[in-house]
2 protein chains.
Amino acid sequence: MRVSELAQTGGVTAETVRHYTREGLLQPHRDPRNGYQLYDAESLGRLRFIDCLRSLGVSLPEIKQILSWADQGTAEFIEPVPLATQRGRLYLRAQEFQVIARWIDNMNQDKMTESFSLKELIESLGTGKLVFEANDSRSDH
Amino acid sequence: MRVSELAQTGGVTAETVRHYTREGLLQPHRDPRNGYQLYDAESLGRLRFIDCLRSLGVSLPEIKQILSWADQGTAEFIEPVPLATQRGRLYLRAQEFQVIARWIDNMNQDKMTESFSLKELIESLGTGKLVFEANDSRSDH
DNA sequence: CTTGACCTTTGGGCAGCCTAACGGTTGTAA
DNA sequence: TTACAACCGTTAGGCTGCCCAAAGGTCAAG
């Protein structure tokens, strides 16, 4: 699997794949004839995993750490710390994404007249239990 | 609602809220006595909305555009274009986040012995139907 | 009236990713 | 076999989004 194929399947740009590779999060082997980077099937899962954590604000070095734990099998017992702190955010985002996605579906199905307005969709995102862990260290320094 | 309160409730830093405000995505009014920025209840939904779209890679100017459509009520009929293209990504991410969140739950419940390893979790992210729209313009320039 | 926890603005810094430029490789097909 | 389009690589620089520190105002509690 070459760079562009992995990128397209994974839903990111080829440049992003190259970037993750430069930083050591993906480890392709090289075609000795032309220097092309070749990714195995496993790389797709890694790429999706990276993309998910990045969108939660986890840094590339932290993700690299988690991936190396996964590679070593160290992580069945010691839970990767940067992952655990994301639990609440993961559930919330999953729910929010579904709400938005379903709203888009409604729009696409000629149900416009009976469905919610965009304004109502946005407001509804503020009405859930959006409370995170108390000591989340994410309000002011 | 002052800046830190909104930030904490919304799960972002106060600096991020100030940034969105500087860029015009949030419009607080000012306490005339001290210059503090005061956010109404509606801002929370907007903030969550911004955070969701940002994590999908939508740029702040594009989000600002969508928000202004929502404010004008323009969007019941003309579907905000940057939103529509995200539909597939939204569903996929919602599913992926749930998978990861549940895996973390398993880890936290002393079920470690019988649950999947981190490596298996990551690999499973590559086995779903991760195919996006064909002309997604997100593989190479 | 001082301490601590807020708030403001300004300015600089950094990570993550994009873009352009240049040259090599590959496959298809004139 | 030449020519073209569509890949690939590396390098260098640029942009966006957000963080952080500094310097100073506000405010409630003790």
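Hydrogens, waters and symmetry mates are skipped; everything else that's a heavy atom, side chains included, is used.
The heavy-atom pair separating A:G126 from B:L44 by the smallest distance is O-CD2, 3.4 Å.
B:R33 CZ: 12 or fewer foreign heavy atoms inside a 6.0 Å radius.
Here B:T16 reaches the OP1 or OP2 of D:dC19: one of its side-chain N or O atoms lies under 4.0 Å away. One finds no side-chain N or O of A:R54 lying less than 4.0 angstrom from the OP1 or OP2 phosphate oxygen of C:dA15. For D:dC8, neither phosphate oxygen OP1 nor OP2 lies less than 4.0 angstrom from any side-chain nitrogen or oxygen of A:Q37. Dashed line: the shortest gap from a side-chain N or O of B:T13 to OP1 or OP2 of D:dC19 is under 4.0 Å.
Side-chain contact annotation: B:D71 with B:S68, donor-acceptor N/O pair under 3.5 Å absent.
Look at B:D51 and B:R48 and you find a salt bridge, because one of the NZ, NE, NH1 or NH2 atoms lies within 4.0 Å of a carboxylate O, short of that distance.
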Sugar-phosphate or base contact per nucleotide [nucleotides 22-28 of chain C; S, B, -; heavy atom under 4.0 Å]: --BBS--
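Atoms CD (A:E15) and C1' (D:dC8) sit 12 Å apart, rounded to a whole Å. Atom pair B:I50:CD1 and D:dG17:P shows a separation of 12 Å (rounding to whole Å applied).
For A:R30 and B:D51, each mapped to the nucleotide of DNA chain D holding its nearest heavy atom, the one lying further toward the 5' end belongs to A:R30. For B:Y20 and A:G35, each mapped to the nucleotide of DNA chain D holding its nearest heavy atom, the one lying further toward the 5' end belongs to A:G35.
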